[in-house]
There are 2 protein chains.
Amino acid sequence: MESRVEEKLNEFHRRCKSNGLKITPQRIAVYKALIESFDHPTAEEIFKQVRKEMSTISLDTVNRTLQTLIRIGAAFQVEGSGQPRRYDGGLEEHQHFRCIQCGAVIDFHYEPFDNILVPEHLAGQFTILRKSVYFEGICNQCAGHKQIIN
Amino acid sequence: MESRVEEKLNEFHRRCKSNGLKITPQRIAVYKALIESFDHPTAEEIFKQVRKEMSTISLDTVNRTLQTLIRIGAAFQVEGSGQPRRYDGGLEEHQHFRCIQCGAVIDFHYEPFDNILVPEHLAGQFTILRKSVYFEGICNQCAGHKQIIN
DNA sequence: CTCTGTGCAAACACTTTGCAGCTAA
DNA sequence: TTAGCTGCAAAGTGTTTGCACAGAG
């Protein structure tokens, strides 16, 4: 339980080294705050958390560190958050693919995704208004000639 | 093909009336631009589009109109867009539920969702880096206060 | 010692708000 | 006529950038 975090921190240490990044107290603190938070914090929330222990840290550093963590694969960004709002005329049943490079959201439709079942244990906890399958990746325009099939 | 838009506009007309909203040229123009756009435009993109025909419209009106459309159910907001960025330490395989009222993102895990298949026709079009099931709704904390009626 | 990382402040992007005049009903 | 809508401008929130100093390696 406690060792889980230890383990993660060690892995993080290795990951920084292999990416040529320095291990700074700020980076460790931000990473620790992130993996210890039970929900999905904003930069502001992490900033407040870290500042309890390290009163001199700045919000910019938190923002920059989070970007760095994403770049080395130590953190992820929750789907679509932090992008300008995008709208949907609701013409047809469909799902969304978002290009993480240009930000475009492109529809696709795959019938089996139209009726996703809500797991029973969630039905009691939340009022679910919308269920969707959401893919992220690189669109062909951005990919240029490179084509990677996953 | 052309009548599809006509039909939608009529329905929109009805929907405005039944919600006690006035039918203004701006509203029609914004709605039309939205349903005619093939991807998922931002307010700015709709603004540019509408301005070609109606040079006096303001970006605020577009923003406000889009909110109105959402309120009466004539448009939707693409999952999670327009929220401050949220981060994820990537500890375990999981899916996300987002409360549209307080913005919290809460994890849940339902094994059948762990390995969603990418439909074949997409594999050629995009490089898919992330596949997820995403639910939106009202969390229990927020449910106490208000209830959204559609 | 060197060069990356940090803190600060200013700039930037997107959205929201207050207000006065305009217009659909 | 009049409540609701629009355009404008200013303010608010979240993120990014430029720079000089500090600290990890």
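Any value given below was found using the heavy atoms of this structure, including those in side chains, with hydrogens, waters and symmetry copies removed. A note on names: the letters A, B, ... follow the listed sequences, proteins ahead of strands, and every chain is numbered from 1.
Evaluation of the salt bridge (charged side-chain N to carboxylate O under 4.0 Å, His left out) rule for A/Glu45 yields B/Arg86 as partners, not counting sequence neighbours. By the side-chain hydrogen bond (donor to acceptor under 3.5 Å, both in side chains) test, B/Glu136 is found to be paired with A/Arg130, B/Arg98, residues two or more places apart in sequence or in another chain being considered. Contacts of A/Lys32 classified as salt bridge (charged side-chain N to carboxylate O under 4.0 Å, His left out), with partners at least two apart in sequence or in another chain: A/Glu36. In this view, A/Phe76 satisfies the ring pair (Phe, Tyr, Trp, His ring centres under 6.0 Å) rule with no residue, not counting sequence neighbours. Remark: A/Glu11 pairs with A/Arg15 by the salt bridge (charged side-chain N to carboxylate O under 4.0 Å, His left out) rule, at least two apart or across chains. With sequence neighbours left out, A/Glu120 forms a salt bridge (charged side-chain N to carboxylate O under 4.0 Å, His left out) with no residue at all.
Of the residues in residues 31-43 of chain B, none has a non-hydrogen atom less than 4.0 angstrom from any atom of DNA chain D. Of the residues in residues 44-56 of chain B, B/Thr56 come within less than 4.0 Å of DNA chain D through at least one heavy atom, sorted by number.
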side-chain hydrogen bond (donor to acceptor under 3.5 Å, both in side chains) evaluation trace for A/Ser132 with B/Glu79: CA-CA 8 Å; A/Ser132 66; B/Glu79 300 90 321; 2.8 Å; yes
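Criterion: ILVMFWY side-chain heavy atoms under 4.5 Å apart, direct or through other members. Under it, A/Phe126 and A/Ile116 are part of a common hydrophobic cluster.
With rounding to whole Å, B/Leu59 atom CG is found 9 Å from C/dC14 atom C1'.
In this structure, B/Ile57 and B/Pro84 both approach DNA chain D, and ranking their closest nucleotides by distance from the 5' end singles out B/Ile57.
A/Asp114 contributes atom CG, which lies 5.5 Å from atom CD of A/Gln95 (distance to the nearest 0.5 angstrom).
Judged as a ring-ring contact (aromatic ring centres under 6.0 Å, His included), the pairs with a partner in residues 5-27 of chain A (not counting sequence neighbours) are, in order, A/Phe12-A/Tyr31.
Each end of the helix from C/dC1-D/dG25 to C/dA25-D/dT1 gets its own axis, taken as the rotation carrying the C1' atoms of four end pairs onto the next four within a five-pair window, and the two axes meet at 40° to the nearest 10 degrees.
Residue A/Arg27 places at least one side-chain N or O under 4.0 Å from the OP1 or OP2 atom of C/dG5.
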Counting primed atoms, P, OP1 and OP2 as sugar-phosphate and everything else as base, the B/S/- map of nucleotides 18-25 of chain C against protein heavy atoms under 4.0 Å is B-----BS
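Using a 4.0 Å heavy-atom cutoff across all strands shown, A/Gln83 reaches no nucleic acid atom at all.
A/Glu92 and A/His109 share no donor-acceptor pair across their side chains, judged by distance under 3.5 Å alone.
Using a 30° and 60° split on the angle between ring planes, A/Phe135 and A/Phe108 fall in the parallel class, below 30°.
Closest of all the heavy-atom pairs between B/Pro41 and B/Leu34 is CG-CD1, 3.9 Å.
Residue A/Glu53 places its CD atom among 12 or fewer non-hydrogen atoms of other residues, nucleotides or ligands, all under 6.0 Å distant.
Side-chain contact between A/Val30 and A/Ile57 is present, with at least one heavy-atom pair separated by less than 4.5 Å.
Extent of DNA chain D lying under 4.0 Å from chain A heavy atoms, first and last nucleotide in 5' to 3' order, is D/dT16 to D/dG25.
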